[in-house]
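The basis for the numbers below is simple: all heavy atoms, side chains too, and nothing from hydrogens, waters or symmetry mates. Throughout, protein chains are lettered first and strands after them, A, B, ... in sequence-line order, and every chain is numbered starting at 1.
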Amino acid sequence: MKTIRLSEQNADFFDRVYEVVRLIPPGRVTSYGAIASYLGAKRSSRMVGWAMNAAHQHRDVPAHRVVNRVGLLTGKMHFADPEAMEQRLAEEGIEVKEDQVVDFKTVFWDPAIELGF
DNA sequence: GTCTTGACGTTTA
DNA sequence: CTAAACGCCAAGA
């Protein structure tokens, strides 16, 4: 059936993103690319970012735990209060300096590994 | 209908 | 090493 709209498929993609983001444990962060890769869309990391933008409709989606590949809080400006993001991360034990996650490599949470690939 | 922008990441020059 | 282009797909103008 070709009548399937891309919107529906992409909605499913978004839903998977939210599911993974919800599974991110406290004190840990992940990257858009890691999520995209886990979903099989390694080069569609932008869609993950777009999904996060739509994630504001959802409650249990800790978008503050998602940063770019270098651990930079690129999306902090999209929160209600940009300060809330790093503050929230600080509460979870994640140190943020200059909008960048300290020891990003240590706190990095890869779904492909933590979830068992 | 086309063109530009975007919470990114990889590859190539 | 740094800088730029490409890919990816969707939404807004």
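- The CG atom of A/Leu89 sits 18 Å away from the P atom of B/dA7 (whole-angstrom rounding).
- Nearest nucleotide to the A/Met52 side chain, out of B/dG9, C/dC8, B/dA7: B/dA7.
- Nucleotide C/dA10 holds its C1' atom 11 Å from the CG atom of A/Asn53, rounded to whole Å.
- A close approach under 4.0 Å does occur between a side-chain nitrogen or oxygen of A/Thr74 and OP1 or OP2 of B/dC8.
- With distances taken from any side-chain atom of A/Asn68 to the nucleotides C/dA11, B/dA7, B/dC8, the minimum falls on B/dC8.
- Atom-to-atom, CG of A/Leu39 to P of C/dA10 comes out at 14 Å; the value is rounded to the nearest Å.
- For the pair A/Met47 CE and B/dT5 C1', the computed distance is 11 Å after rounding to whole Å.
- Following rounding to the nearest Å, A/Tyr32 (OH) and B/dT10 (C1') show an atom-to-atom distance of 17 Å.
- In this structure, A/Leu72 places its CG atom 16 Å from P of B/dG6, rounding to the nearest Å.
- Between the CZ atom of A/Phe14 and the P atom of B/dA7 there is a distance of 13 Å, given to the nearest Å.
- In this structure, of B/dG9, B/dG6, B/dT10, it is B/dG9 that holds the atom nearest to the side chain of A/Ser31.
- Residue contacts shown for A/Ala41 are absent, as no nucleic acid heavy atom lies under 4.0 Å away.
- A/Ser45 places no side-chain N or O within donor-acceptor distance of the main-chain N or O of A/Tyr32, the cut-off being under 3.5 Å.
- Checked by atom type and distance alone, the side chain of A/Arg65 pairs as donor or acceptor with a backbone atom of A/Ile24 at under 3.5 Å.
- If you measure from atom CZ of A/Arg46 to atom P of B/dG9, you get 11 Å, rounded to the nearest angstrom.
- Between A/Phe79 and A/His56, the ring planes lie perpendicular to each other; the angle is over 60°, past the 30° to 60° tilted range.
- Between the side chain of A/Ser45 and the base of B/dC8, at least one donor-acceptor pair of N or O atoms lies under 3.5 Å.
- Among the nucleotides C/dG7, B/dA7, C/dC9, the one closest to any side-chain atom of A/His56 is B/dA7.
- Atom P of C/dA5 sits at a distance of 15 Å from the matching atom of B/dT4, rounded to the whole Å.
- Just one residue in the list A/Val96, A/Val66, A/Leu89 forms a side chain to side chain contact (heavy atoms under 4.5 Å, CB included) with A/Val29, and that residue is A/Leu89.
- The separation of C/dT2 from B/dA7, taken at their C1' atoms, amounts to 25 Å, rounded to a whole angstrom.
- To the nearest 0.5 angstrom, A/Asn68 atom CG is 8.5 Å from A/Gln100 atom CD.
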